Structures are given as structure tokens and as C-alpha cells.
Amino acid sequence: MANVIIVGAQWGDEGKGKVVDIYTEHAQNVVRYQGGNNAGHTLVVGDEKTVLHLIPSGILHQGKRCIIGNGVVLDPKVFLEEIDGLKKKGYLQDDSQLMVDGAVNIIMPYHKLIDIARERKSGAKKIGTTGRGIGPTYEDKVGRRGIRFADLLKPETFKHKVNEVLPEKNFYLEKFLGEEPLSAEAIIEEYLGYADRLRGYLGRASTCLDVAMKDGENILFEGAQGSLLDVDHGTYPYVTSSSTIAAGACTGSGVGPHCIDEVIGISKAYVTRVGEGPFPTELEDEMGERLRAAGNEFGATTGRPRRTGWLDIVALREAVRTNGLTGIALTKTDVLNDLETIKVCTAYRYREQLIEEFPQDLDILKECTPVYEEIPGWQCDINSITEYATLPQKVRDYVDRIEAWTGCPVVLVSVGPRRSETIIRTNPF
Ligand code: GDP
Ligand code: IMO
Ligand code: MG
């Protein structure tokens, strides 16, 4: 029996969805524990592509329990649309497969409006958020004025809460952000319209997972975003508003840390980032464009082109430490197929100093320039390879170097977007 956490080891979009879909074979329960529909997790089965924003990436497997833990923030409209999309494709035929914790905070219309208006007002200082209302919803959660999933299911409680909070929101929207005020009646009508369909999904993640563990079942925890977007450990303030690191799995679902057996960090064989913020190995040249084209690096949620750059070992070591990674899943290795030379950043230069630890101070990080080692490329197609031993020696050398630099084993190598394009070296379950 093993309980495994999957986390993004970079700035998101590392291929978490794909790895969760693959590992689901070995787990009975898959849990999202933080973030909301800022996430876009892509699964490719055969020729069919599915992008999930809220529902755990285990949902394409029949009979697996998919849980949205208390740490998630949920937009009910997006959630119901995602359910409909899955049902139309023939998935999620049994509603008992899906559960939402009652303590999940609800993304309200004013959260989305504040998110977008604030970004607009910030101009050049914007974060580059997904505009889905994530930050403002977490602010209200921590500020103890959030509206939870269970509240939405009780019409009187919901009405009362909306009426209580809206004057403050409208004051801020009108007076500070210069937006039109929102109507309580319209919000109540829209959201209570969702409530009947949502009721059947209400549950409690913590107790459900406790029973599952006592029954000897496995749990797969699905992180969203990435370690460098963590609100505490990421490149603050250019981060998301939740605990994206492995520890978030415990608070975001109500299980104790001793229940966790393995923590697998997903890392691309290079790096991408969407939105603003420092990115030391960013390539703003032809090579960056080449990686974007080869990796089809356009956001699964907003469609924005992703910024691209070489693999950053300094940043990856940070993820190994903050998450306590027991393994790395290396994805999009095939994207490097054509390159003669691959560069890897193993340290930063800051003024006259050589730095091997990711700086916490953004003013220092902004001034860091990467120190690169060059690795010969393999210059052949590796997408159809299914055995580690038959990968070209140069690919295995790249993997060996990553293990040596990070001190963490590479347990999976992904060589294409499809389920079948995956080489498992060590199974964490
Ligand atoms: P997530 O947010 O971490 O789940 O990642 P995204 O789905 O946002 O972005 C990863 C993208 O890369 C998706 O389009 C995947 O289909 C694709 N992908 C995942 N693994 C691989 C791989 O090994 N090779 C290639 N070429 N594409 C991959
Ligand atoms: P997945 O789960 C990549 C980024 C945004 C922005 C910052 C804050 O698919 O890896 P937010 O809307 O969360 O307040 O935006 O975080 N961001 C992501 N980048 N992948 C994601 O999710 C992201 N979710 C948020 O681009 O820089
Ligand atoms: Mg994504």
C-alpha cells in the first residue's frame, strides 16, 4: 500500500495530469487538494485529448473515487460544465465517483471581477494571473469571509452570506477599482441555480480518505500549479495563492503527514512559465521559439504562449527540498529530440558570486544569470521507445546527470503526450 503525492517541480504545466492519469491504475482514490480552475491538466488517451481544470485527472478510469479536497477553490459553473463535458464523452457515468468537500471555498463573481480589474489596474506590475478569481477567493478564505460549498447548498445561509459580504466587495469594486457594483439578487439567483445539481457531490475528504486507508486502499494526491508558484516558497509575489508544495496535500485534504509514502515531482526536460515573474534560464531568442513550437507550449487554461528556457537545476533542487521529493518524473524529453546541444543551468552567477541555492530574495534572483553546462543532444526520435534500456545512451546520460545534480532518482521518463508514451523505471506504489 502506498499513498503518493504528485507535485509540479517547476512553474506549472509540467505534465502532472498525464502522470496522474497513468498512476491512477494503482490507486483507488485521486485527490485534488489546492488551486482551482487556474489549473489545466491535459490527458491524451489514444487520439482523444481531455483538459481538466478542477476534476481530478483519475476520472478517465472507471471506478476510481475522485475527490476535490477542502483546500481547493471551486467555480460551480466551470465544475458543472466539466462534468457535462466528461459525461458527453462517456466518462463519469456514475456520479458517486466524484465528491467535493463541504469546506471547499466557492469562487464568486466578485472574485473574478476583482482578479481581472486588479490586474488591469496594476499595469506593468501585474502578476499575469489566469483571471479565474483564485487569489481573491483565497484572500476571503483566510479572511474568514469565504462562502463554502456546504453554504451554497443551504439557500438561506447562502443568501445571508452574500448579502453580508457584498457591500464590502461593491465598495472596493466601485471606489478602488472603478468597476460597476454587482447585484446580490443576480448572484443569488445564478448560484442557487447550480445548487441542486451540486448537492449530490457533497462529502468530507478527510473521513472518506481515512476509511479508504483503513480498507487498505491507495491514494494519489494531484497537485496543481508548481513548487515555484507556492505562496510561501515560490517567487513571491509572482506566485499563485495556495500551498502548491507537497505539504499542501495534507492541509488540503485532511490527512496526516505520516500517511504519505512517496512524493513525485514532475519536471519538464526544460522549463516553461506562464505569467510574469523571474525566470533565470528564459530564452527570448530563436531557441526559445523552437522549444515553444516543439513542445506546443501554449497554456491549457488561457491559451497564452508559455515562456520557455533551459532546465534549471538550481530551481529543481529547491523543489526537491521544499517537497521532500522521493522521485522525479521527467516529462517532454522528446521535445529535445532535434537539438545538437542541450544546455542545463547548474548554478547562478550573482555579481561576483557563484550561487547554488535558489535565492529567496527576488531582488537577488532578478540579477542572477545562469551558469550552463552543455550536454550533447541525441538527435533522434524517442517517442516510440517503451523500455528505459533501449533509450539512446545520450538520453540516459542526461537522466543520470539530472539524478547526480539533484540527488533525486528519476523514476519516470515521458516521451510524448500519450498514455502509451511513458517509460516507468520505478513504480512508487
Ligand atoms: P499540467 O498542468 O502539469 O498537467 O500540464 P499541462 O497539461 O498544462 O501541459 C503539459 C502539456 O504537455 C500537455 O499538452 C500534455 O499533453 C503535454 N505532454 C505531457 N507529457 C509530454 C511528453 O512527454 N511529451 C510531449 N511532447 N508532450 C507532453
Ligand atoms: P497547472 O496546474 C502554470 C500562474 C499564472 C500566474 C500565477 C498566478 O496547469 O500547472 P493565479 O490565476 O493562480 O492567481 O495566477 O500562477 N498559474 C499557472 N501557471 N500552470 C498552472 O496550473 C497555473 N496556475 C496558475 O499564470 O503567473
Ligand atoms: Mg497546466
Side-chain angles (χ1 to χ4, degrees), residues 6-22 32 34-45 48-54 56-57 72-73 75 107 111-112 114-116 118-119 126-139 222-231 234-242 244 265-279 291 293-307 329-337 381-383 385 412-423:
I6 300 299
V7 284
Q10 299 169 323
W11 279 286
D13 301 328
E14 299 91 346
K16 298 175 291 294
K18 175 188 161 160
V19 175
V20 168
D21 172 57
I22 284 165
R32 270 284 305 268
Q34 48 69 232
N37 59 310
N38 47 349
H41 295 180
T42 314
L43 322 179
V44 185
V45 182
E48 187 191 69
K49 177 171 147 175
T50 305
V51 181
L52 297 167
H53 301 286
L54 272 167
S57 297
V72 170
V73 291
D75 184 326
I107 301 179
H111 293 135
K112 290 183 265 191
I114 290 172
D115 190 1
I116 293 165
R118 238 191 226 159
E119 286 278 278
K126 68 173 197 246
I127 304 289
T129 72
T130 58
R132 302 300 193 260
I134 306 297
T137 307
Y138 276 114
E139 285 170 36
E222 175 179 3
Q225 290 79 54
S227 308
L228 298 170
L229 289 170
D230 183 89
V231 69
T235 47
Y236 190 90
Y238 299 98
V239 294
T240 191
S241 299
S242 64
T244 62
I266 318 300
S267 169
K268 283 180 188 172
Y270 51 100
V271 181
T272 64
R273 174 165 204 172
V274 217
E276 309 301 316
F279 180 177
L291 287 177
N296 191 25
E297 295 297 355
F298 297 89
T301 296
T302 57
R304 291 179 288 178
R306 295 176 183 146
R307 300 156 66 192
L330 191 70
T331 59
K332 306 195 90 159
T333 317
D334 57 297
V335 173
L336 308 181
N337 279 352
D381 197 330
I382 58 169
N383 298 60
I385 296 176
L412 179 153
V413 179
S414 176
V415 293
R418 289 183 171 76
R419 231 185 223 174
S420 54
E421 293 166 315
T422 315
I423 299 168

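As a basis for the values below, the full set of heavy atoms in this structure was taken, side chains included, without hydrogen atoms, waters or symmetry mates. The first residue of the sequence shown is numbered 1, and numbering continues consecutively from there. These figures come from a predicted structure and were not determined experimentally. Remember, it's 1-based here, ligands and their atoms both numbered in the order they're listed.
- Residue contacts with ligand 1: Thr331 is placed with no nitrogen or oxygen under 3.5 Å of a nitrogen or oxygen of the ligand (distance criterion only).
- Checking Arg304, Arg307, Lys268 one by one against Glu297, the salt bridge (charged side-chain N to carboxylate O under 4.0 Å, His left out) holds for a single residue, Lys268.
- Protein heavy atom in closest approach to atom 4 (O) of ligand 1: Gly17 N, 2.9 Å.
- Residue Val415 approaches ligand 1 through these ligand atoms, each under 4.0 Å from one of its heavy atoms: 23 (O).
- The distance from the CG atom of Asp75 to the CD1 atom of Ile107 is 5.0 Å, given to the nearest 0.5 Å.
- Protein heavy atom in closest approach to atom 23 (O) of ligand 1: Ser414 OG, 2.5 Å.
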* To do: Apply side-chain hydrogen bond (donor to acceptor under 3.5 Å, both in side chains) to the pair Thr244 and Gln225, showing each step before the final yes or no.
  => CA-CA 6 Å; Thr244 62; Gln225 290 79 54; over 6 Å; no

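- Considering backbone and side-chain atoms together, Gly416 places an N or O closer than 3.5 Å to an N or O of ligand 1.
- The shortest N or O to N or O distance between Gly40 and ligand 1 is below 3.5 Å.
- Atom OH of Tyr236 is surrounded by 12 or fewer heavy atoms from other residues, nucleotides or ligands within 6.0 Å.
- For the pair Val274 and Thr301, the minimum side-chain heavy-atom distance is 4.5 Å or more.
- Of all protein heavy atoms, the one closest to atom 10 (C) of ligand 1 is Asp13 O, 3.7 Å.
- Nearest protein heavy-atom contact of atom 11 (C) of ligand 1 is Lys332 NZ, 3.5 Å.
- Taking all heavy atoms of Arg306, Glu14, Lys16, His41 into account, the minimum distance to atom 9 (O) of ligand 1 is reached by Arg306.
- Leu54 is listed as a side-chain neighbour of Val72, based on a closest heavy-atom distance under 4.5 Å.
- Nearest-residue assignment for atom 24 (N) of ligand 1 (options Asp334, Thr42, Asp21, Thr272; heavy-atom criterion): Asp334.
- Near ligand 2, residues Trp11, Gly12, Asp13, Lys16, Asn38, Ala39, Gly40, His41, Ile127, Gly128, Thr129, Thr130, Ala224, Gln225, Leu229, Val239, Thr240, Val274, Gly275, Arg304 come within 4.0 angstrom through at least one heavy atom.
- In terms of N/O distances under 3.5 Å, ligand 1 is not approached by Gly12.
- Where the criterion is an N or O separation shorter than 3.5 Å, residue side chain and backbone included, Ala300 fails it with respect to ligand 1.
- Of all protein N/O/S atoms, those under 2.8 Å from the Mg ion (ligand 3) are Asp13 OD1, Gly40 O, and waters are not counted.
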